[in-house]
Amino acid sequence: MNRAEMQATSCDEVLSGLNEPIKSLPCKLLYDAAGAELFERITEVEDYYLTRAEHALLAAELPAIAALVGSHARVIEPGSGAGVKTRMLLGALDRVATYVPIDVSADQLADNATALRGEFPGLEVLPVLGDYTQAITLPVSARPHERTLVFFPGSTIGNFEPDAARQFLKRLAALAGPNAMLLLGADANANREELLRAYDDSEGVTAEFDLNVLAHLNRTHAATFDLEQFMHRAVWNAARSRIEMHLVSKRAQTVKVGDATFTFARGEPIVTEHCYKHSPAALAQILTDSGWAVTRTFADPAQRMRLWLATSATKRGWTT
Ligand code: AVJ
């Protein structure tokens, strides 16, 4: 159990979720090292359209976006991940000054920073090791920058409950300062068949990704989950506009997590992730409620994945 994993998901969070009437687990448990790798594989699966759609959107629209952002920007990226989209953005921006990735995975953060320093000579890279859902202190930059751009692609905003999404976006606006911009990727698909295929793909990668949560808990929280006795299920909750990832108990069983004991009925689910598919109007409202004024939106041909470019509502001169 390494420091990041211990800190990332406390026992209380796990136990309180499993004590809920509808059992749940914090979705960040999906992203241990094995989970991050499995997620990379999901992005290559045919059924999971989001990543390919967003790559195509970025390739087509980044020149226009870069013109709106302007030169000498500071880019802040919560949950920087493997960096393919990051490279597209940094490559499109005019004389970008500073890049600030924020991530809980120390290794990935360090590897990415070294690689980016090599690929973008002169770019100041200031990695921040931390959980971006919590308060973050930005490092002091040695380079002056014009505008700050927060980059949050991948429809990861959909993994927050709506109120938590507002709080998070508000915190980003405060962190980024006046005149900042936000480039956010979000999926608004409401087609049940397409969504169930994307979140329970025919190659079984998403099922592996979901079940990995139990292996993670067995490793880090002294749990006794038998992965063979649970199965992955994706559910489209149309009323809440969200996909729900469930791990369903195949039989009545008892599982220990540390000293705590949990009983599962046959067919009883554990909710491991919500993926909200906010309609464009709903997401525009969430942005406005959070202090961001929508400047432009760019939709993919299927009208599912969108890039949202928004400007901080707090205006007060340029920051240096
Ligand atoms: C974390 C938002 C990129 O919700 O689509 C993919 C995670 N979960 N398959 C998403 C995920 C199941 C993904 N993002």
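Numbers here are sequence positions counted from 1. Whatever order the structure lists them in is the order used to number ligands and atoms, beginning at 1.
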Could you tell me, atom by atom, which parts of ligand 1 come under 4.0 Å of a heavy atom of Cys275? 4 (O)
Using a 4.0 Å cut-off to any heavy atom of Thr156, which atoms of ligand 1 qualify? 1 (C), 2 (C), 3 (C)
Show which atoms of ligand 1 fall inside a sub-4.0 Å distance from at least one heavy-atom site of Phe209. 8 (N), 12 (C)
Can you list the atoms of ligand 1 that are under 4.0 Å from a heavy atom of Met245? 12 (C)
Would you please indicate if the ring centroids of Tyr48 and Phe209 are separated by under 6.0 Å? no
Do me a favour and list the nearest non-hydrogen protein atom to atom 3 (C) of ligand 1 with residue, atom name and distance? Gly154 O, 3.2 Å
Check for me whether Tyr276 has a heavy atom closer than 4.0 Å to any atom of ligand 1. no
Residue, atom name and distance, where the atom is the protein heavy atom closest to atom 8 (N) of ligand 1: Glu273 OE1, 2.6 Å
Should Tyr199 be counted as touching ligand 1, given the test is an N or O pair under 3.5 Å? yes
Which residue and atom name correspond to the protein heavy atom nearest atom 14 (N) of ligand 1, and how close is it? Asn159 OD1, 3.7 Å
Parallel, tilted or perpendicular, judged at 30° and 60°: which one describes the rings of Tyr276 and His274? perpendicular
Mark up the atoms of ligand 1 that fall under 4.0 Å of a heavy atom belonging to Ser155, in ascending order. 2 (C)
In this structure, atom 13 (C) of ligand 1 is nearest to the protein heavy atom Tyr48 OH, 3.4 Å
For the pair Arg143 (side chain) and Ala97 (backbone), establish whether a donor and an acceptor sit closer than 3.5 Å, ignoring hydrogens and angles. yes
Which of the atoms of ligand 1 are close to Tyr31, meaning less than 4.0 Å from one of its heavy atoms? 1 (C), 7 (C)
Measure the acute angle between the ring planes of Tyr31 and Phe39, then classify it against the limits of 30° and 60° as parallel, tilted or perpendicular. perpendicular
Can you tell me if Arg192 has over 12 outside heavy atoms packed within less than 6.0 Å of its CZ? no
Would you kindly check if the NZ (Lys) or CZ (Arg) of Lys23 is within the cone defined by 45 degrees around the ring axis of Phe264 and under 6.0 Å from the six-membered ring centre? yes
Any chance CD of Glu37 has more than 12 other-residue heavy atoms, nucleotides or ligands included, within less than 6.0 Å? no
Got a donor-acceptor contact below 3.5 angstrom from the Glu244 side chain to the Val271 backbone? no
